[in-house]
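Atom set for the values below is all heavy atoms of this structure, side chains included, hydrogens, waters and symmetry mates excluded. Letters A, B, ... mirror the listed sequences (proteins, then strands); counts begin at 1.
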Number of protein chains: 2
Amino acid sequence: MQTETSTRERIVVAAARLLQRQGYVGTGIKQIATESQSTLGSIYHFFPGGKEAVAVAAIRYSDQEFAALLKGALDGEDDPAEAVLSCTRQLAAGLRESGWVDGCPVTAAALETLGADSDIQQACADALNSWERLVLDKLVGCGFPAQDARELATTVISAVEGAEVTAQVNRSEEPLLAAGRQLARLIRSYGIGSPRPGS
Amino acid sequence: MQTETSTRERIVVAAARLLQRQGYVGTGIKQIATESQSTLGSIYHFFPGGKEAVAVAAIRYSDQEFAALLKGALDGEDDPAEAVLSCTRQLAAGLRESGWVDGCPVTAAALETLGADSDIQQACADALNSWERLVLDKLVGCGFPAQDARELATTVISAVEGAEVTAQVNRSEEPLLAAGRQLARLIRSYGIGSPRPGS
DNA sequence: TTCTAAATAGAGCGTTCGTTTTAGTGGTGG
DNA sequence: CCACCACTAAAACGAACGCTCTATTTAGAA
């Protein structure tokens, strides 16, 4: 119908940005309405499930958004160690440019709703696992044994996640860049080089 | 300052536990009063600064609490790699026993208040840096060059931090244990304290 | 045009938030 | 005895919360 962004999409995008900056509890429905240039009525029309439903949609959106960035970094380099370095550099730059507020869109929401809301937590778990899977596939494609690749992929995602928080709190790119260098060293320590050619 | 479990201390301890489970925004002053077996009057008597002052005190308390655990793990092992392994094992066990809710006391509060409250953010930054310093001193004491030790210490704290979040979200000890094993491998890759003369 | 349903708009509900205010307690020194 | 103190207790405030509700506007089919 229209090439302009739909109201529903504006709500999701605004919610995702607010969620990553102020968390789930800290973000109000009315604030989402204001930021998305919509109204309460529209939000409850598209999301009868209320605030939690909006949050789940926003987290899934952020999931795909970061997955695209990660996939780009992984596909852009043959060496997985270089790919991780490139990824941390991109994240560090983005963090600095945003004034250290646009962190991981999942971590903030996840930590607040661990005990109660299972839908949000599930969406966060799905996001983390989808990112881990991207790293895992890259490593396996480079010839890493399945077991090593699994453990490495988990560690890479966790470390990047933690380094981003550290970088935000310290308002410095260094934790993220240091983690990237150390992760690259860790990956190289397995002595496996470039992706296997052919099938 | 005679009574061992003073009202002020009960407030701080209760606030710290609530903060690590529900974050800053998700924890109410009245809930802190209930959990600490005190009242609103008592809280505002001891903390005229209000909720933020209570949170800062609670974060500092949690800082020292985790620093003690970390120091215990570092002092209990000669090999820094083994020490990190021991630390992640303890954290994984504690996480499981708490039903995956007692995570890092700093991360949750830090992410919600990045843009606005500088006091809370500063307390979180201080905590992260104090923990990093403990790891740094251990590494330097084991003969690591200052530059490598610094970068390693940052990465270790960040990775443990991130792995704890991943473990919470996935309700599994595995991310934390995997991160411990990979961090140990990374530390050993420097070949310090190990009889292997490689590279 | 007329009808219908989707979409938008916002007043208002009950509740809870952080905070302020006032009152009251028990113990100590003059 | 009273004055004073640190501390406890609870009522009440304005603001904001998530959500429900009723209107109103819009877009397309008949």
Side-chain angles (χ1 to χ4, degrees), chain A residues 1-19 21-59 108-109 112-113 115-121 123, chain B residues 1-19 21-59 108-109 112-113 115-121 123:
Chain A
M1 307 184 188
Q2 303 162 335
T3 43
E4 60 175 324
T5 56
S6 68
T7 301
R8 190 196 145 97
E9 189 178 348
R10 288 204 318 274
I11 293 171
V12 171
V13 173
R17 191 177 57 238
L18 291 172
L19 234 56
R21 295 190 181 185
Q22 359 180 55
Y24 178 70
V25 190
T27 300
I29 286 273
K30 289 172 184 171
Q31 190 182 10
I32 296 176
T34 301
E35 292 284 324
S36 64
Q37 312 242 60
S38 68
T39 63
L40 237 59
S42 302
I43 293 181
Y44 279 94
H45 170 75
F46 289 111
F47 300 95
K51 184 182 180 181
E52 186 174 336
V54 176
V56 168
I59 290 169
E112 300 177 284
T113 56
D117 306 286
S118 59
D119 282 351
I120 294 180
Q121 185 184 343
Chain B
M1 48 172 78
Q2 303 165 359
T3 46
E4 199 58 32
T5 59
S6 67
T7 301
R8 190 196 146 96
E9 190 177 346
R10 287 205 317 274
I11 293 171
V12 171
V13 173
R17 191 178 56 238
L18 291 173
L19 234 56
R21 296 189 180 184
Q22 352 179 65
Y24 177 70
V25 190
T27 301
I29 286 272
K30 290 169 185 173
Q31 190 182 10
I32 296 176
T34 301
E35 293 283 325
S36 65
Q37 314 244 60
S38 68
T39 63
L40 273 173
S42 304
I43 293 181
Y44 278 94
H45 171 74
F46 288 110
F47 300 96
K51 184 182 180 180
E52 186 175 336
V54 176
V56 169
I59 289 170
E112 299 176 286
T113 57
D117 306 285
S118 59
D119 282 351
I120 293 179
Q121 185 184 344

Q: With a cut-off of less than 4.0 Å, is there a side-chain N or O of S38(B) near OP1 or OP2 of dT8(D)?
A: no
Q: Within a reach of under 6.0 Å around CD of Q37(A), are more than 12 heavy atoms found that belong to other residues, nucleotides or ligands?
A: no
Q: Quick one: F47(A) CZ to dT20(D) P, roughly how many Å, whole number?
A: 16 Å
Q: Tell me: NZ of K30(A) to P of dA11(C), nearest whole Å?
A: 10 Å
Q: Over how many whole Å does the gap from I32(A) atom CD1 to dC19(D) atom C1' extend?
A: 13 Å
Q: From the options dT8(D), dG10(C), dT8(C), select the nucleotide whose nearest atom is closest to the side chain of L40(A).
A: dG10(C)
Q: Roughly, in whole Å, what's the span from NE2 in H45(A) to C1' in dT20(D)?
A: 16 Å
Q: Can you confirm whether V12(A) sits close enough to E9(A) that some side-chain heavy atom of one is under 4.5 Å from a side-chain heavy atom of the other?
A: no
Q: Atom NZ of K51(B) and atom C1' of dT19(C): how far apart are they, to the nearest Å?
A: 12 Å
Q: Could you state the atom-to-atom distance from CD of E9(B) to C1' of dC7(D) in whole Å?
A: 17 Å
Q: So do V54(A) and K51(A) actually touch side chain to side chain, heavy atoms under 4.5 Å?
A: no
Q: Rounded to the Å, how far apart are Q31(B) CD and dC17(C) C1'?
A: 12 Å
Q: Indicate, with a heavy-atom threshold strictly under 4.0 Å, whether F46(B) touches base, sugar-phosphate, or nothing.
A: sugar-phosphate
Q: G49(B) or G41(A): which one's nearest nucleotide on DNA chain C is closer to the 5' end?
A: G41(A)
Q: Hey, does I59(A) have a side-chain heavy atom less than 4.5 Å from the side chain of Y24(A)?
A: no
Q: Is there a side-chain contact between S42(B) and the phosphate of dA9(D), meaning an N or O under 4.0 Å from OP1 or OP2?
A: no
Q: I need the OH-P distance between Y44(B) and dT22(C), as an integer number of Å.
A: 17 Å
